[in-house]
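Just below is one structure, and these are the notes that go with it.
Keep in mind it's a predicted model, so treat the numbers as computed, not measured. Below, read A as the first sequence line, B as the second, and so on, with proteins coming before strands; counting in each chain starts at 1.
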Protein chains: 2
Amino acid sequence: MAGTEGAQSNKPAVTIYDVTLRDGQHAVDHQLDVDQIAHYAEVAKSAGIPIIEVGHGNGLGASSLHLGQARLDDLLMLETAREAAPDARLAAFLCPGMGTFTDIDGARSRGADILRIGVHATGADFCESYVDKALRAGLECHAVLMMSHMASTDELVANAALLSEYGCTTVGMMDSAGHYMPEEVGQRIAAMRQAIPGDLSFHAHNNLGLATANVLAAVDAGATVIDASSRGFGAGAGNAQLEVVCALMDRLGIYTGVSLDGCLQTSELAAAELIQTPPLVDAVSLVSGLAGVFSGFKRKVLAAASEYGVSPWDIFFELGRMQAIAGQEDLIPIAAKHLAAQPNTHTQPRRQYAIR
Amino acid sequence: MAGTEGAQSNKPAVTIYDVTLRDGQHAVDHQLDVDQIAHYAEVAKSAGIPIIEVGHGNGLGASSLHLGQARLDDLLMLETAREAAPDARLAAFLCPGMGTFTDIDGARSRGADILRIGVHATGADFCESYVDKALRAGLECHAVLMMSHMASTDELVANAALLSEYGCTTVGMMDSAGHYMPEEVGQRIAAMRQAIPGDLSFHAHNNLGLATANVLAAVDAGATVIDASSRGFGAGAGNAQLEVVCALMDRLGIYTGVSLDGCLQTSELAAAELIQTPPLVDAVSLVSGLAGVFSGFKRKVLAAASEYGVSPWDIFFELGRMQAIAGQEDLIPIAAKHLAAQPNTHTQPRRQYAIR
């Protein structure tokens with residue numbers, strides 16, 4: 001297995017970017033505590049995982065009533081991971097507008113090595129000043145295009161190229177709604193590969209049961225940084241499972257530097273200490289993936305369905321038709337009201353077990 | 001969506017073969033009761049699911065102390081499903097040696113339309129008399145090659161061709177250990193497609209998080225019958241999720257006759273009424289998939305690991321090296337004892353959360 005004594009010690013062919021302590025926060029309302037963060041960071045570092053992202057699920061400065069108040073302050077989370085894993089490479093996530101320049105300085109001072117900027121797929125031009133700030137603060141800067149299925153391939157390539165020009169050494173795309181099929185991932189990553197000189201990243205969600213396969217397609221098309229979380233701990237149906245990705249990379253002869261034994265330990269640790277409800281493809285996750293809507297809308301959609309007497313599945317499809325993006329939660333009751341005014345859309349009576 | 005009014009009414013391009021009430025039994029020690037079977041069969045039939053397999057996880061005649069005693073008699077299970085869904089196509093599963101000719105007659109008399117024979121990948125020549133018996137009893141006869149990754153492509157093709165010659169109208173392969181990657185499935189199904197005149201089936205397990213992707217690869221290579229279960233309810237890491245497969249077939253424009261709304265209902269029903277612990281890719285499932293060992297060994301492996309003080313992960317890899325097949329549970333303590341005599345195989349201390 002890669003990572004054991006005698007294996008090659010050079011740069012991984014695929015760098016595993018561990019989002020367990022950031023995307024996983026979505027699954028526990030951002031309530032990870034000091035012991036959980038410290039223990040996971042320590043074990044992940046021991047496993048050879050090269051980058052560990054830590055923080056509120058929506059990034060620096062996002063803790064709020066609207067998006068969920070985190071148990072811990074952003075900087076305390078970073079400091080905790082840094083103390084538990086002194087020689088780990090730590091990343092902080094930031095969405096421009098939520099996170100500020102002050103947050104960037106704070107993240108640097110508490111131990112972050114990398115700032116990763118997350119922006120809507122067509123929003124690269126918002127980011128130049130943030131990239132510049134991160135670089136001036138002495139951070140390595142990465143960027144990801146979120147909800148990437150909503151942009152054309154040409155738009156993705158243009159936005160990724162811009163982020164690269166600004167100085168990001170890793171640029172990539174997120175499948176925030178878990179909407180892609182493998183060929184679609186391969187085609188987009190291959191196109192981005194032509195335009196991006198540095199590392200190229202991919203972030204999967206498992207709404208269609210295809211997170212692992214989409215990672216394989218991304219790597220095959222030239223992605224060099226793969227987001228993954230232990231046991232898939234992440235928003236909605238979860239992310240690509242880190243331990244599965246590492247094992248399959250090893251099977252394909254692609255060096256990651258992560259030991260099998262080590263990532264099995266992180267998997268068991270995530271199950272025992274972090275996860276409350278295992279991520280899975282339930283009916284709502286499947287529908288939100290099909291509709292291409294951010295699955296973080298789930299609870300508000302269920303509430304609107306109940307209030308207006310319509311199917312949550314129909315609401316997700318309506319939001320998909322409306323091209324709703326993350327942050328536009330105000331469209332949910334509008335969609336529900338619209339559906340309620342069209343009784344012929346309700347083709348079948350709903351059983352009481354339909355949605356929980 | 002396929003299956004709604006106005007959709008085409010001809011034979012599905014891909015026939016969904018629902019194993020929820022048979023493979024799912026493995027996940028609940030074969031304890032499904034009359035109400036569970038009746039309700040699920042009724043809702044599955046309403047969803048347009050064309051074939052429903054019912055019975056003990058290991059098939060007719062398998063209920064035993066060794067493999068698990070089912071709550072209900074084989075024939076009562078069939079009769080229950082038949083009464084709940086009078087016009088459904090029902091299948092019974094049988095492994096030659098466990099099930100007898102008397103079981104075949106009984107299954108026919110209680111409402112089975114199809115007998116599906118399951119045999120080790122290289123064991124087709126055991127089956128001729130069973131196929132003959134099923135056909136004489138007035139049943140449609142299908143057959144599947146189990147643990148198919150242990151045979152070469154040429155062996156699989158030869159065994160499948162034999163089953164087809166005997167009179168099976170659907171022949172296929174099971175990925176019983178959840179070991180395949182998509183290209184491997186595609187290559188094998190394509191080779192079988194050349195040799196099999198009738199329907200060609202594929203049955204996935206999700207040990208490597210690839211069940212959905214392997215189904216897509218099988219369909220792309222010519223499979224026309226896809227095994228799936230609602231919510232993946234099945235042995236070990238579970239099967240391909242029926243509702244996900246149906247939704248993706250629809251997205252690809254491949255007609256299944258199953259309505260999206262209907263299979264979302266079966267998914268929610270399985271979660272609410274059948275599943276005790278959701279199927280997921282835990283560390284043991286991942287390792288058994290990597291090692292290519294039947295994941296039904298899990299509990300016996302954990303017991304042997306504890307008794308001999310060795311890692312269950314190492315036992316699974318050792319069983320893989322020994323080419324253990326389903327039914328060879330006696331090899332588990334032998335493998336554990338062998339490992340215990342080689343202390344240098346234990347490269348890392350085990351944490352207490354490592355295996356539960």
Q.
Working to the nearest 0.5 angstrom, can you tell me the gap between A/Leu252 CG and B/Met181 CE?
A. 4.0 Å
Q) Can you check whether B/Leu248 reaches A/Leu210 side chain to side chain, under 4.5 Å on heavy atoms? A) yes
Q.
At a 4.5 Å cut-off on heavy atoms, which part of A/Asp282 comes close to chain B: side chain, backbone, both, or neither?
A. both
Q: Determine the minimum heavy-atom distance between B/Val281 and A/Val244, stating which atoms define it.
A: CG1-CG2, 3.8 Å
(Q) Does any backbone or side-chain atom of B/Val287 lie under 4.5 Å from a heavy atom of chain A? Answer side chain, backbone, both or neither. (A) side chain
Q) Is there a side-chain contact between B/Leu286 and A/Gln241 (heavy atoms, below 4.5 Å)? A) no
(Q) If I measure from the heavy atoms of chain A, does B/Leu280 come under 4.5 Å with its side chain, its backbone, both, or neither? (A) side chain
Q | For the student: nearest non-hydrogen atoms of A/Ser267 and B/Ala283, plus distance | A | OG-N, 4.3 Å
**Q.** Non-hydrogen atoms of B/Pro182 and A/Leu216 that approach each other most closely
**A.** CD-CD1, 4.4 Å
**Q.** Heavy-atom side-chain contact between A/Leu290 and B/Leu260 under 4.5 Å
**A.** yes
